[in-house]
Amino acid sequence: MENALGQPQTIVLLGGTSDIGLAIVRHLLNPTTLAVVLACRNVEAGERAAAGLRSDGVVVDVVAFDGAATGTHAEFARSLSDKHGDIDVAIIAFGILGDGSETKVDCDAAAELTNINFTGVVSSTIAVANQMRRQGHGSIVMLSSVAGERVRRANPVYGATKAGIDGFAQGFGDVIAADGVHMLIVRPGFVHSKMTTGLKAQPFATTPEKVAAATVKGLRSKRRIVWAPGILRFMFIVLRHLPGPVWRRLPLG
Amino acid sequence: MSNPSRARLWGWGHTKPTMAEEVSVDRAGVAGAVKEAGERGILARGLGRSYGDAAQNGGGLVLHLTSDASEVVLNPTTGFVTVGAGVSIDQLLRVIVPRGFFIPVTPGTRFVTIGGAIASDIHGKNHHVDGSIGNHIESITMVLADGSTTVIGPRHNPALFWATVGGMGLTGVMLDASIRLLPVETSRMRVDTSRLADLDDLMASMSQGDDDVRYSVAWIDLVAKGRHLGRSVLSRGDHATLDELDARQGVAPLAYGPRQLASVPPLVPAMGVLNHATVAAFNEFWFRKAPSHRVGEIQGIGAFFHPLDFVGAWNRLYGTRGMVQYQFVVPFGEEQAMRTVVERLSASGAASFLAVLKRFGAANPAPLSFPRAGWTLALDLPGGSRGLDDLLHGLDRVVLDAGGRHYFAKDAHMTHEAVRRGYPRLEEWKAIRDQVDAHRVWQSDLARRLGLI
Ligand SMILES: Cc1cc2nc3c(=O)[nH]c(=O)nc-3n(C[C@H](O)[C@H](O)[C@H](O)COP(=O)(O)OP(=O)(O)OC[C@H]3O[C@@H](n4cnc5c(N)ncnc54)[C@H](O)[C@@H]3O)c2cc1C
Ligand SMILES: NC(=O)c1ccc[n+]([C@@H]2O[C@H](COP(=O)([O-])OP(=O)(O)OC[C@H]3O[C@@H](n4cnc5c(N)ncnc54)[C@H](OP(=O)(O)O)[C@@H]3O)[C@@H](O)[C@H]2O)c1
């Protein structure tokens with residue numbers, strides 16, 4: 001049960017090894033925190049991440065979770081509540097970027113990416129939200145991306161999944177608001193994380209720490225959407241409306 | 001029983017709402033409602049004057065006891081009143097004051113219910129001589145988790161009685177209580193007021209004079225810095241006797257009919273209007289307005305006990321981020337901890353409107369009752385203040401290291417550790433609760449947050 005200062009006691013990270021997600025967890029940790037759940041497909045990597053979070057009085061629980069296995073999500077979310085009680089904040093941070101091959105020859109890769117980034121995100125978000133609706137409170141952080149604001153030729157499938165979950169989160173956020181659950185959509189630009197290692201940084205590149213700081217501020221002030229960095233919001237007002245021929249010629253990779 | 005309706009419920013601080021099913025029931029309907037308890041349990045709610053989440057039950061059922069003045073049954077010969085738990089102190093005073101009686105303990109607002117008052121074991125300006133409300137209860141009629149009704153009191157089932165006093169609604173739903181009243185000759189107060197230059201002055205004069213007066217409380221300006229740090233206005237009084245009234249007042253010595261003069265306009269800017277600048281100005285005004293020394297002033301009950309009630313819904317002045325109330329007690333001998341807290345609050349630049357200092361007398365036998373012998377300070381802080389979380393957890397450590405504790409009815413941020421250290425008899429309380437509610441029919445957001453269930 002989160003307190004009046006916006007300090008959560010129980011935090012769940014789906015994509016428990018996500019650099020951005022872990023940064024958000026670190027920013028949320030506070031003296032009242034009792035449990036952090038890292039839900040990972042790679043439990044060993046999750047244990048390494050957990051070591052950095054443990055401190056007196058905080059249980060860090062690493063559990064197996066596959067974002068693509070939609071059939072397991074409802075049971076997974078129930079087990080979270082059974083084990084840790086009310087979930088105050090759930091961060092939906094799992095996803096893959098793809099390497100571009102999915103747009104050329106490999107339609108299986110495209111389907112897998114879509115299944116994780118879109119279908120799996122939708123399914124697990126609803127599963128977690130259902131637990132929160134039962135509680136009458138809770139917050140969900142949805143890691144969207146500016147990649148979905150206007151989908152680029154560099155990653156059409158990834159961009160489309162981000163556009164998809166962003167739209168889903170907007171509409172679904174209004175549904176669960178009636179049950180006391182807060183949806184925060186976070187739209188980062190290029191973030192230096194393991195997802196982008198080796199890629200050329202985009203303009204206004206930022207860090208997981210900065211995304212986390214903006215996210216926690218947005219949670220406390222009950223915002224609907226946070227951009228990281230904030231200036232991207234204004235950039236995209238322009239970019240969204242550029243004529244196609246101009247947009248295509250921009251050096252956005 | 002009305003049909004349950006989905007409601008977003010807040011505490012008086014307007015900080016952390018949750019959604020629950022809300023129903024109104026009369027006393028006959030409570031047992032039936034208990035049978036409807038789902039996995040998120042049930043909680044009785046009074047007038048929602050607790051600042052944090054004590055009267056919320058997210059995802060569960062919240063019961064409102066309907067009430068009216070016919071549930072006030074006064075026996076003028078014995079001085080006992082039996083009053084419905086959903087009746088407010090406002091309703092009660094309108095019946096008993098004209099008949100020459102006063103409630104033995106009143107908080108700073110009369111818009112609290114009898115059930116809420118007992119569940120928080122409220123204290124007033126007279127705690128140092130009269131103790132808290134639990135000290136004045138003869139018996140309580142209560143519905144238990146199994147739907148049965150029982151009568152408890154300090155002589156009948158004392159363990160459950162004292163677990164219910166200060167038990168935050170987690171032992172059962174109170175239906176009514178029998179309270180020993182204070183006979184009064186008039187509805188006026190005789191009040192002495194003095195200004196004090198700083199905190200040490202204040203604590204010294206309270207330590208000397210308090211035991212001779214029934215009511216005593218001081219207001220401290222926590223925004224003032226430097227040599228003004230801790231400047232304060234001490235107000236003391238008692239019920240005026242007949243011969244203390246002048247001829248005009250003597251015509252209707254027991255007249256009582258307080259009115260609410262104004263309400264906060266519905267359009268308050270989202271960031272609120274109480275910030276460091278406005279609060280500093282208000283505090284300055286308040287301090288200067290107070291006489292440096294005045295004795296024997298005659299005031300009404302409302303002006304003396306419930307000044308904030310003259311403005312309805314004043315909590316909305318804090319805007320959408322709401323406010324947090326901080327109240328703690330430290331034992332006598334730990335004055336240095338009090339000084340440290342006051343200094344840190346002043347240095348933090350937090351805009352604290354109305355900080356109230358008072359001396360508590362001895363604790364009663366209730367394991368979760370807040371008051372204990374010592375100094376208590378209560379203050380409001382805007383919920384959105386930067387650094388508030390670190391400030392408050394830091395102050396908590398000072399208070400706990402001094403052997404003090406925090407008030408559940410006001411709390412909105414504590415850690416489990418703060419509860420364990422502040423309330424060493426918590427396990428004793430839990431054991432009694434487990435006997436009457438093994439399946440956790442009674443639940444609240446506060447109970448979940450602080451690990452009481
Ligand atoms: C302006 C202001 C000044 C205040 N001054 C003081 C003060 O001087 N001293 C002080 O001690 N407190 C003070 N308070 C706090 C207040 O007295 C307590 O929070 C009190 O409990 C509020 O009563 P309520 O009817 O609003 O109860 P709620 O806030 O609705 O509920 C409080 C608790 O009581 C329980 N409860 C309510 N009814 C029942 C019932 N029928 N059976 C079982 N449990 C029940 C609830 O479950 C909950 O745990 C002040 C509050 C305000 C807003
Ligand atoms: N980095 C950016 O530039 C950027 C920009 C905007 C938005 N985002 C979004 O922010 C979120 C977090 O990204 P990040 O930068 O923190 O990258 P990251 O460190 O690579 O995190 C993504 C995580 O998702 C996990 N994951 C992938 N598939 C999974 C599956 N099927 N089941 C469970 N977990 C799975 C990965 O776990 P493994 O370690 O097991 O692969 C990885 O820990 C993603 O949604 C991303 O799209 C990132």
Side-chain angles (χ1 to χ4, degrees), chain A residues 1-11 26-35 55-59 77-78 81-89 128-139 173-183 213 216-224, chain B residues 6-11 13-21 38-40 51-53 56-60 62 270-271 320-326 381 383-394 396-397 410-419 444-451 453:
Chain A
M1 185 75 220
E2 185 179 290
N3 69 14
L5 308 175
Q7 298 183 309
Q9 288 184 314
T10 309
I11 306 164
R26 284 193 297 274
H27 277 249
L28 285 173
L29 280 178
N30 67 82
T32 73
T33 305
L34 301 172
S55 69
D56 277 0
V58 183
V59 173
R78 265 196 301 275
S81 300
D82 289 348
K83 199 156 156 197
H84 298 287
D86 286 13
I87 306 165
D88 293 329
V89 179
V128 170
N130 283 344
Q131 294 305 314
M132 292 185 174
R133 295 161 90 168
R134 199 180 54 79
Q135 303 168 181
H137 71 97
S139 298
D174 289 342
V175 173
I176 57 183
D179 296 310
V181 183
H182 172 213
M183 172 75 76
V216 171
K217 235 174 124 191
L219 278 173
R220 290 195 176 172
S221 51
K222 296 280 175 274
R223 291 265 295 277
R224 286 165 54 94
Chain B
R6 203 119 177 83
R8 184 181 303 268
L9 296 177
W10 313 70
H14 250 244
T15 43
K16 169 72 191 173
T18 57
M19 298 295 298
E21 299 290 328
E39 52 160 10
R40 302 287 290 182
Y51 280 75
D53 48 13
Q56 299 172 196
N57 182 20
V62 171
M271 67 281 213
T320 51
R321 297 289 294 271
M323 70 166 141
V324 172
Q325 155 110 187
Y326 191 65
L381 293 162
S385 324
R386 185 168 315 144
L388 188 60
D389 40 8
D390 292 338
L391 174 70
L392 294 186
H393 290 297
D396 287 357
R397 283 189 288 276
K410 311 275 180 91
D411 174 64
H413 78 282
M414 250 195 276
T415 61
H416 284 201
E417 195 206 350
V419 179
S444 69
D445 287 355
L446 176 122
R448 274 187 277 271
R449 183 168 58 80
L450 298 183
I453 49 176

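Protein chains get the first letters and strands the later ones, always in sequence-line order, with residue 1 at the start of each. The analysis underlying the following values was restricted to heavy atoms, covering all of them including side chains, and did not include hydrogens, waters or symmetry mates.
Residue with the most contacts toward chain A among B:Arg8, B:Arg40, B:His413, B:His416: B:Arg40 (heavy-atom pairs, distance under 4.5 Å).
For A:Asp86, the part lying near chain B is the side chain, with the backbone staying farther off; criterion is any non-hydrogen pair under 4.5 Å. For A:Gln7, the part sitting under 4.5 Å from any heavy atom of chain B is the side chain, from C-beta outward, and nothing else. With a 4.5 angstrom heavy-atom cutoff, A:Arg133 touches chain B only via backbone atoms.
Note that the OG1 atom of B:Thr415 and the CG atom of A:Leu34 stand 9.5 Å from one another [nearest 0.5 Å]. Rounding to the nearest 0.5 Å gives a distance of 8.0 Å between CG of A:Leu5 and OG1 of B:Thr15. We find the CG-NE2 distance between B:Leu9 and A:His137 to be 13.0 Å, quoted to the nearest 0.5 Å. From B:Asp389, atom CG reaches atom CZ of A:Arg220 across 4.5 Å, with rounding to the nearest 0.5 Å.
Although no hydrogens or angles enter the test, the distance criterion places a donor-acceptor pair under 3.5 Å between the side chain of A:Gln9 and the main chain of B:Arg449.
A 4.5 Å side-chain heavy-atom check between A:Asp179 and B:Arg6 finds at least one atom pair inside the cut-off. Between B:Thr320 and A:Lys222 there is no side-chain heavy-atom pair separated by less than 4.5 Å.
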*Run the numbers on A:Arg134 and B:Glu39 for side chain to side chain contact (heavy atoms under 4.5 Å, CB included), then give the verdict.*
CA-CA 10 Å; A:Arg134 199 180 54 79; B:Glu39 52 160 10; 2.7 Å; yes

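Of all non-hydrogen atoms in A:Ala4 and B:Val324, the two that sit nearest each other are CB-CG2, 4.4 Å. Taking each heavy atom of A:Thr32 and B:His393 in turn, the nearest pair found is CG2-CE1, 3.7 Å.
Between B:Lys16 and A:Asp88 no salt bridge is recorded (no basic side-chain N to carboxylate O distance below 4.0 Å).
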